[in-house]
Amino acid sequence: MMTIRDNRRGRFAATLLMLLAAAAPIAVPASAQSLDLQSAAMADAGDDAESEDQVQPEVLEASVDTPVQGDDFYCGQRRLGQWFYCERPKTPQAAQQAQASATDRMKAISKQLNELKNRAILEPTEANVIAYVRYQREQLDRASTFSDTWQRALWQNPDIDYTLQRPVSTVGKRAWTDNRSATRDQALSRIGQRYGMFYFFAQSCAACEVFSPILRSVADSHRLTVMAVSTDGGPSRTFPNYVVDSGQRERMGVPLATPALVLFDTVTRKTVPIGFGVMSADEVMERIFMLTNTKPGQDF
């Protein structure tokens with residue numbers, strides 16, 4: 001009997017131990033635990049790397065759009081802007097000066113110069129006079145720089161140098177005048193083939209007595225035909241073959257002034273007024289040449 005009971009108790013204890021062993025946690029070696037921790041750390045690092053890859057394009061894009069002037073971390077990544085001195089804050093005065101035109105700036109300079117001058121006159125203290133003189137000196141230096149730059153630009157760009165067309169130096173002006181006189185004389189030598197002149201004078205006109213011999217010398221030297229017309233019926237010693245005005249002056253539209261010299265184009269049948277009053281021989285020839293052989297603005 002005791003043997004049977006002992007066997008039953010032994011089987012019951014063995015069964016209970018098996019149940020306890022199944023419910024208890026399985027022991028893991030220390031090396032295996034360290035391996036699992038390393039794997040987890042690597043996985044976390046991979047997740048962090050992926051998150052950084054997703055954020056990095058935004059940082060690069062921000063650095064391209066906004067110039068970084070300060071620290072890369074605070075200005076580039078944090079993008080603190082002018083609050084961290086990454087960008088210099090723009091004052092209203094600087095923005096206004098940047099938008100001001102050259103005309104507005106010149107007006108401001110003139111206004112300031114006048115203000116300093118008037119202040120120095122009304123309150124002639126040493127400080128006011130010095131302030132005006134110094135500011136005026138700045139403007140004189142600016143004008144001198146502009147004049148010097150202007151001259152250098154003309155020397156290096158012949159297309160804008162007016163003195164090449166009309167010289168102002170003594171040597172250049174003499175050469176230009178001689179060449180112009182030769183061209184003018186050549187043109188006037190043929191002008192009598194197409195043009196004639198009407199000369200309106202009066203016996204009572206003192207200026208006509210002075211101008212008539214001058215006109216005669218020009219007509220003889222260039223073989224020009226002159227038709228002298230007396231406006232008051234009086235004769236002329238220089239042009240004895242004159243005619244009395246019978247409406248010619250009114251039909252030509254010549255003003256009532258003597259002496260008056262008018263060109264007549266035999267081709268177009270039109271009149272070209274040359275001038276009124278006393279003129280020199282060179283002036284008469286120059287006007288005839290310009291009115292018949294040059295275009296407006298050609299010499300200027």
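For the numbers below, each heavy atom of this structure counts, side chains included, while hydrogens, waters and symmetry mates do not. Residue numbers start at 1 and run along the sequence shown.
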### Query
Given the rule in the side-chain contact (heavy atoms from CB on, under 4.5 Å) test, do D185 and H222 qualify, once you have shown the distances and angles that lead to the verdict?
CA-CA 8 Å; D185 293 341; H222 293 88; 4.0 Å; yes
Keeping [X] on the side-chain end and [Y] on the backbone end, is there a donor-acceptor pair under 3.5 Å?
X: R287; Y: I274; value: yes
X: N157; Y: D159; value: no
X: S217; Y: I214; value: yes
X: S212; Y: E209; value: no
X: N118; Y: N114; value: yes
X: D245; Y: S230; value: no

### Task
Using the ring-ring contact (aromatic ring centres under 6.0 Å, His included) rule, take Y195 and F264 through it: C-alpha gap first, then chi angles, then the decisive distance, then the call.
CA-CA 6 Å; Y195 294 92; F264 180 75; 9.1 Å; no
Check this for me, if you would: do [X] and [Y] make a salt bridge, where the nitrogen-to-carboxylate-oxygen distance has to be below 4.0 angstrom?
X: R152; Y: D148; answer: yes
X: D220; Y: R216; answer: yes
X: D104; Y: K111; answer: no

### Message
Tell me whether R180 at atom CZ has more than 12 heavy atoms from other residues, nucleotides or ligands lying less than 6.0 Å away.
### Response
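Atom CZ in R180 is packed in, count exceeds 12.
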### Query
Just wondering, more than 12 heavy atoms not from M227 lying within 6.0 Å of its CE?
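No, not enclosed.
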#### Entry: Cationic tip of R184 above F289 ring, under 6.0 Å, 45° of axis
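No, cation not above the ring by the 6.0 Å, 45° rule.
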### Query
Between M197 and L261, is a side-chain contact (heavy atoms from CB on, under 4.5 Å) present by the stated rule, with each step listed?
CA-CA 7 Å; M197 286 192 295; L261 190 60; 3.9 Å; yes
Report yes if some heavy atom in the side chain of [X] is under 4.5 Å from a heavy atom in the side chain of [Y]; otherwise report no.
X: F276; Y: P255; answer: yes
X: R119; Y: L116; answer: yes
X: V226; Y: L215; answer: yes
X: E126; Y: I130; answer: yes
X: F198; Y: L263; answer: no
X: Q248; Y: V262; answer: no

If you take all heavy atoms of [X] and [Y], which pair is closest and at what distance?
X: A207; Y: P259; value: CB-CD, 3.9 Å
X: T163; Y: D161; value: OG1-OD1, 2.6 Å
X: R194; Y: V267; value: NE-CG2, 3.6 Å
X: T258; Y: C208; value: CB-SG, 4.0 Å
X: A281; Y: V218; value: CB-CG2, 3.6 Å
X: A228; Y: F201; value: CB-CE2, 3.8 Å

### Message
Checking R249 against V229 for the side-chain contact (heavy atoms from CB on, under 4.5 Å) test, could you report, in this order, the C-alpha distance in whole Å, the side-chain angles of both residues, the deciding distance, and whether it holds?
### Response
CA-CA 9 Å; R249 184 170 194 155; V229 180; over 6 Å; no
### Message
F211 vs Y199, test: side-chain contact (heavy atoms from CB on, under 4.5 Å). Steps then yes/no.
### Response
CA-CA 10 Å; F211 182 63; Y199 172 50; 3.6 Å; yes
Throw together a table of side-chain donor-acceptor distances under 3.5 angstrom for residues 135-143, partners on residues two or more places apart or in other chains.
{"residue": "Q136", "atom": "NE2", "partner": "Y132", "partner atom": "OH", "Å": "3.3"}
{"residue": "R137", "atom": "NE", "partner": "D141", "partner atom": "OD1", "Å": "3.3"}
{"residue": "Q139", "atom": "OE1", "partner": "R142", "partner atom": "NH1", "Å": "2.3"}
{"residue": "Q139", "atom": "NE2", "partner": "Y135", "partner atom": "O", "Å": "3.3"}

